[in-house]
Each structure stands twice: as C-alpha cells, then as structure tokens.
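Just so you know, residue 1 is the first one in the sequence shown, and it goes up from there.
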Amino acid sequence: MSPHPPGARMTGQDLDPHTPVVVGVGQSSERLDDPGYRRSSAVDLAAAAVRAALADTGADPAAVATAVDTVAGVRQFETSSPAAPAPLGKSTNFPRSVARRVGADPARAILEVTGGQGPQHLVNELSATIAGGDCDVALIFGGEAISTVRRFAGAPDRPDFSETVEGDLEDRGYGLAGMVSRLQAAHGLTGAPSQYALFDNARRARLKQSREEYAAGMGALFAPFTKVAAANPHAAAPAERTAAELVTPTERNRMIAEPYTRYVVAREKVNQGAAVLLMSVAAARRLGVPEDRWVFLPGHADLRDQDLLDRADLSAGPASVMAVRHALEVAGVGVADLLTIDLYSCFPIAVSNICDGLGLTADDPRGLTVTGGLPFFGGAGNDYSMHAIAETVQRMRAAPGAYGLVGANGGLLSKYSAGVYSTTPGGWRPDRSATLQAEIDSWPAVEQAVQPDGWATIETYTVRHRRGGDRFGIVVGRLEADGRRFVARTVDSDAGMLDLLSTGEPIGRRVYVRSFSTGNRVTTGDARMDELFPPPPNPLA
C-alpha cells in the first residue's frame with residue numbers, strides 16, 4: 001500500500017497493485033415450472049452465472065475470460081461424498097468444464113472440499129493469493145441442478161450430464177474427516193437434520209424454554225427470511241410464510257427430526273448457480289474494469305471447531321462466533337457498522353448461534369439474510385454462500401462506503417468462513433486465523449464411552465421421523481459413574497422412551513444405557529432394558 005496521510009481516505013490510486021478486489025458477480029437459476037425451462041446441468045448453471053459475472057465487470061467479457069489464470073469450483077451434492085449418486089452423469093473436471101464454456105483456459109483449476117464454507121473460504125484464500133502476487137485473475141463458481149436430477153433420474157428421456165474434460169485439476173478431496181464417525185452412523189446420527197437437532201435441543205434446554213416457546217422462536221427467526229425470498233427472482237421457494245406456519249406440523253410440513261419441521265431446514269431441491277470474479281487492482285486497471293465495480297474484502301477469517309462429540313458444550317458453536325468476530329476485527333468495524341448481514345441458515349441453530357455470540361436479535365431491522373436463506377431461497381448444496389456474496393457485493397455497490405457481512409458454515413457448526421465487504425478502498429489485511437485455530441485445537445476434548453453401560457443422564461437428543469410415520473430417538477448422554485459422553489439410540493418398539501424424548505424436558509433426565517454387538521441402546525431404566533433385551537438363562541441355575 002502506498003503511503004498516505006494518517007486519517008486521509010485512501011483512493012484507488014493509493015493501492016498496492018496486488019490488492020485483491022471483487023469485480024464481478026453473477027447468479028443463474030431455473031425452476032421446473034418456469035416458462036422456457038432448459039433442463040440445465042450444474043455445469044450449465046455455473047457457466048451462466050460466470051457469464052453474468054464477466055458482464056458485471058463493465059469490461060470486455062471475452063478479454064476478462066482470457067485473463068483468468070485460476071478457476072475454483074465448489075462441489076455439487078453428487079461429488080460431495082464417495083457414495084453420492086449421479087443418475088444423470090457428471091463432469092470429470094467440473095472447474096474446467098465451466099471454464100471451457102466461457103472461453104477461459106486457466107493454468108490452475110481447483111475443486112474445493114465439501115462444505116458450505118467453501119465459497120467464502122475460496123474468496124478469502126484466493127484474495128490472499130492475489131495479494132501475495134501468485135495469482136492475477138481468479139474465478140470462483142458453483143452450480144446445483146438437484147431439482148432437474150431428481151425429476152428426470154428415472155425418465156426415459158433423461159438428459160445426459162456426463163462430460164469428460166482433460167486438464168490438470170487440484171482436487172482437494174471430500175474433506176469429510178471428523179464430520180461423521182462410524183460410531184455416529186451406527187446409531188442413526190447421520191443426515192444433517194438429526195445432527196443439527198442436537199444443537200438446537202441443547203440450546204433450548206440452556207435457555208430453559210419449553211418446546212412451544214422454542215418452536216415459536218425458530219418461526220420468528222425464519223419468518224423474515226421468507227419475505228426476502230419471496231422478493232428474490234432466484235429463490236427456489238419464493239413464498240412468504242408466518243412464524244406459526246413454519247413450525248406447525250402438517251402433512252406438507254412434516255416433522256423431520258425434532259424440533260425441525262420441513263419448512264425450517266435447508267431446501268436442497270434447487271437449480272441454481274453463482275460466480276464471483278476476483279482480480280488484482282493492476283489487472284482491473286489493465287482490463288478496464290471501472291473503479292465503481294470494485295468491492296474490497298477488508299475482513300476475513302476461517303476457523304474449524306472440534307469434532308461434534310469432542311465439544312464441551314453442545315448448545316453452541318464457539319469457533320463459528322470467533323470467526324465472525326475476527327473478520328470484523330480485521331476489517332476494523334463492529335456489528336453496528338454493518339449495513340447487510342447474511343448468516344448461513346441451513347438450520348435455525350446456525351443463525352441463532354451467531355446471533356447469540358454477536359448480540360443480534362431475530363427482528364434486527366437490517367435482516368439476517370440478503371437472499372432469503374437456505375430453507376427458502378434454496379440450499380444450493382455447498383454453493384449457497386456464493387449467492388450471498390453476489391447479493392452482498394451488489395448491495396455494497398449501491399451503498400458506497402457501507403459494510404456487509406457474509407458468514408458461511410460447513411459441517412456440523414464445524415467449518416466457518418466469514419467475509420466483510422465494502423467499496424471503501426483499502427489494502428489487503430492479513431488475518432490471525434492460524435493463531436486462533438491453534439487456540440481451538442488446544443481445547444480439551446470430552447472423554448467418550450464407545451461401549452457405555454449403566455445409569456446416565458441425557459445431555460441432548462432428537463427423534464427422527466420417517467416418512468411412513470415410524471420414529472426412533474437418538475441420545476447423547478453422560479454416564480453417572482464417570483461423566484463420559486456416549487451416543488445411543490432407542491429401540492423402535494420402546495414407546496415409553498420415545499414418549500420421554502417427545503414430551504416435556506428430556507435433557508437432564510435419568511436413563512439407562514447398555515452396549516450390544518449391534519450398538520448402544522438407551523431406555524428409561526435397567527428393568528425396562530432387561531424387558532427389551534432379556535438376559536440369557538443361567539445354565540447353572
């Protein structure tokens with residue numbers, strides 16, 4: 001950064017030529033019932049968003065595309081885990097498939113790890129790479145065609161989305177280590193709704209709220225999101241709903257994992273794409289990008305929490321709050337200075353956790369989303385926050401000098417990337433995420449009992465509801481004997497235990513757990529356990 005008088009406002013001419021700036025953003029979408037619906041693939045949707053981002057620069061789109069030296073793609077659902085199906089086929093090299101469609105031939109192509117933190121993390125990472133002089137023009141994008149894939153998966157006229165594309169690819173892997181353990185999977189603790197429900201139920205107990213009070217709070221939190229989504233042309237579910245509608249179980253709004261009804265969880269049936277174009281100030285000048293298109297990243301942070309069952313408190317995600325606070329600290333602004341806020345909203349706890357940490361309320365007049373949020377705008381897989389960034393950048397341009405926050409969550413309140421955006425010129429500011437991460441990594445882990453036996457208390461829980469009406473409970477508890485933490489599930493026929501979990505306040509209640517070769521089971525007492533699992537007869541009796 002060039003010297004300038006203390007207190008003087010920096011201008012574009014004062015900036016180090018390697019200063020990173022966002023110069024273009026774009027979004028694309030289509031709904032199954034739209035006129036002119038095109039059955040676009042994820043690659044097509046991402047490419048359409050990239051074309052919009054190239055045009056958004058105000059420079060020659062072809063010249064900008066040719067100048068791209070780095071592309072980074074966000075994984076689709078079908079490439080987010082080894083077992084994910086791709087019934088319509090997929091690209092062998094998603095980043096280069098998209099680049100090829102828009103006339104870019106980058107030297108470097110990246111496929112990011114799984115997780116909703118990905119878009120903001122890539123903006124943070126590649127901005128630092130540009131600031132270090134190792135990149136000049138970077139294009140980040142993602143796309144999901146889940147609605148189309150599910151509509152046509154078994155259709156005789158289904159489209160073929162298979163593509164084989166040559167070229168180097170920096171595939172960073174799935175990045176799923178620590179997200180779901182074999183222990184959790186063996187007890188039904190798979191799928192984001194049941195995992196996140198543990199946090200919300202623990203938070204409800206910490207706040208000493210009844211089920212009805214907490215449900216009303218979740219509805220009040222998300223009702224304003226529906227209003228934003230209803231006005232967003234890219235929203236997958238653009239319908240305004242009341243707080244009561246969101247949390248009242250009905251045939252359409254069935255219970256999924258207590259306390260969640262369908263309307264308050266991320267909506268995965270979307271066809272959406274988004275893109276962000278970054279470049280150095282020198283490249284922006286060289287390519288003729290007007291300064292009124294430049295948006296800076298004055299604050300940024302990337303942190304990861306402990307694995308789920310290692311955490312001392314299952315009612316909160318402290319590392320996520322630390323990431324947002326640090327991004328604001330790096331930017332030199334406070335929560336009160338923000339004009340816009342978008343908090344990742346896959347489930348209520350992902351929003352309320354940050355609100356609790358920053359002192360925000362559900363009725364904050366600024367709102368807590370710029371898109372409508374994952375349940376209503378759409379949970380475009382790992383790519384949701386790319387849309388939040390695109391919206392934030394546009395709003396910053398419309399309000400020069402203002403600040404906007406994007407908070408991006410991945411895993412189980414695990415990986416959090418935060419970014420602060422503004423048109424106010426400023427040099428690149430390194431963050432201290434590595435130091436903070438070392439602090440998080442030093443936190444002691446809760447000792448676990450893999451094969452628990454004996455009396456225990458419930459720490460948190462959920463009840464999973466299957467489509468046919470069947471249900472089963474999952475309990476995280478502490479053994480009375482030594483305080484070790486365990487995970488267990490109910491027996492499907494154990495109505496008494498299910499009733500305990502579905503009424504009143506289960507957390508803190510005394511239960512009995514026993515380990516078997518098939519896993520850990522929990523019920524209301526030792527006598528009931530013996531009824532459910534009669535001990536073998538004593539051959540010496």
Side-chain angles (χ1 to χ4, degrees), residues 19-22 72 74 112-132 138 140 172 175 178 276 278 295-306 311 316-346 350-360 368-370 382 384-386 388-389 392-393 396 403-422 424 426-443:
T19 302
V21 285
V22 178
V74 173
E112 179 63 323
V113 299
T114 300
Q117 79 291 337
Q120 185 60 56
H121 172 260
L122 286 169
V123 169
N124 294 350
E125 176 192 344
L126 292 176
S127 291
T129 304
I130 289 170
I140 308 169
R172 295 179 168 179
V276 174
L278 298 165
V295 175
F296 297 82
L297 186 72
H300 44 91
D302 302 274
L303 293 176
R304 175 171 179 150
D305 214 321
Q306 297 168 289
R311 302 177 196 178
S320 302
V321 175
M322 288 172 66
V324 175
R325 284 178 172 166
H326 186 50
L328 293 171
E329 176 190 5
V330 174
V333 299
V335 175
D337 299 312
L338 298 171
L339 176 68
T340 67
I341 301 167
D342 192 275
L343 301 180
Y344 201 90
S345 52
C346 49
V351 180
S352 57
N353 177 56
I354 304 299
C355 289
D356 291 348
L358 299 185
L360 293 167
L368 302 174
T369 181
V370 294
N382 302 310
Y384 164 78
S385 287
M386 199 84 74
I389 295 167
T392 298
V393 165
M396 293 305 97
Y403 291 87
L405 169 70
V406 172
N409 168 76
L412 312 176
L413 299 184
S414 305
K415 300 176 278 189
Y416 211 89
S417 294
V420 178
Y421 295 82
S422 180
T424 302
W428 176 249
R429 302 172 184 176
D431 63 299
R432 295 186 301 106
S433 292
T435 301
L436 294 175
Q437 189 62 56
E439 176 186 338
I440 294 167
D441 293 343
S442 71
W443 294 345

Those residues at least two apart in sequence (or on a different chain) that pass side-chain hydrogen bond (donor to acceptor under 3.5 Å, both in side chains) with T340 are none

**Prompt:** Are the side chain of H326 and the backbone of D431 linked by a donor-acceptor contact shorter than 3.5 Å?
**Reply:** no

Output for pair (L303 CG, E439 CD), nearest 0.5 Å, gives 9.5 Å

Taken in chain and number order and not counting sequence neighbours, the residues that satisfy side chain to side chain contact (heavy atoms under 4.5 Å, CB included) with D302 are H121, N124, S417

Minimal heavy-atom distance between S385 and Y344, with the atoms involved, is OG-CD1, 3.4 Å

Any heavy-atom pair between the side chains of L278 and S127 that's under 4.5 Å?
yes

Between G116 and A408, the two heavy atoms sitting closest are O-CB, 3.5 Å

Here the pair of heavy atoms bringing I140 nearest to M386 is CG2-CE, 3.4 Å

Contacts of D342 meeting side-chain hydrogen bond (donor to acceptor under 3.5 Å, both in side chains) (sequence neighbours excluded), chain-then-number -> T369, Y384

Nearest heavy-atom approach of G426 to F296 is O-CD2, 3.5 Å

- Heavy-atom side-chain contact between I354 and V321 under 4.5 Å: yes

CG of L338 to CG of L358, rounded to nearest 0.5 Å, is 8.5 Å

Can you check whether Y403 reaches T424 side chain to side chain, under 4.5 Å on heavy atoms? yes

May I ask you to decide if Q120's main-chain N or O and H300's side chain share a donor-acceptor pair within less than 3.5 Å? no

Closest non-hydrogen contact found for A323 with A418 is O-CB, 3.9 Å

Sorted by chain and number, sequence neighbours left out, side chain to side chain contact (heavy atoms under 4.5 Å, CB included) with A319 holds for D305, I440

All heavy atoms of V351 vs all of S345, minimum pair found to be CG2-CB, 3.5 Å

Hits for side-chain hydrogen bond (donor to acceptor under 3.5 Å, both in side chains) against Q437, two or more places apart or cross-chain, chain-then-number order -> D441

To the nearest 0.5 Å, atom SG of C355 lies from atom CD1 of I341 at 8.0 Å

CG of L368 to CG of L360, rounded to nearest 0.5 Å, is 6.0 Å

| task | Could you tell me whether the side chain of L126 reaches within less than 4.5 Å of the side chain of P20, counting heavy atoms only? | result | no

Lys/Arg-Asp/Glu bridge criterion (N-O < 4.0 Å) met for K415, E112: no

Rounded to the nearest 0.5 angstrom, the CG-CG distance for L405 and D337 is 12.0 Å

Are Y421 and L297 close enough that some pair of their side-chain heavy atoms sits under 4.5 Å apart?
yes

Residue pair S414 / R311, side-chain donor-acceptor N/O under 3.5 Å: yes

One should read off an interatomic distance between R304 CZ and L413 CG, to the nearest 0.5 angstrom, of 12.5 Å

Tell me if a side-chain donor or acceptor on Q306 pairs with a main-chain N or O of W443 at a distance below 3.5 Å.
yes

Those residues at least two apart in sequence (or on a different chain) that pass side-chain hydrogen bond (donor to acceptor under 3.5 Å, both in side chains) with S320 are none

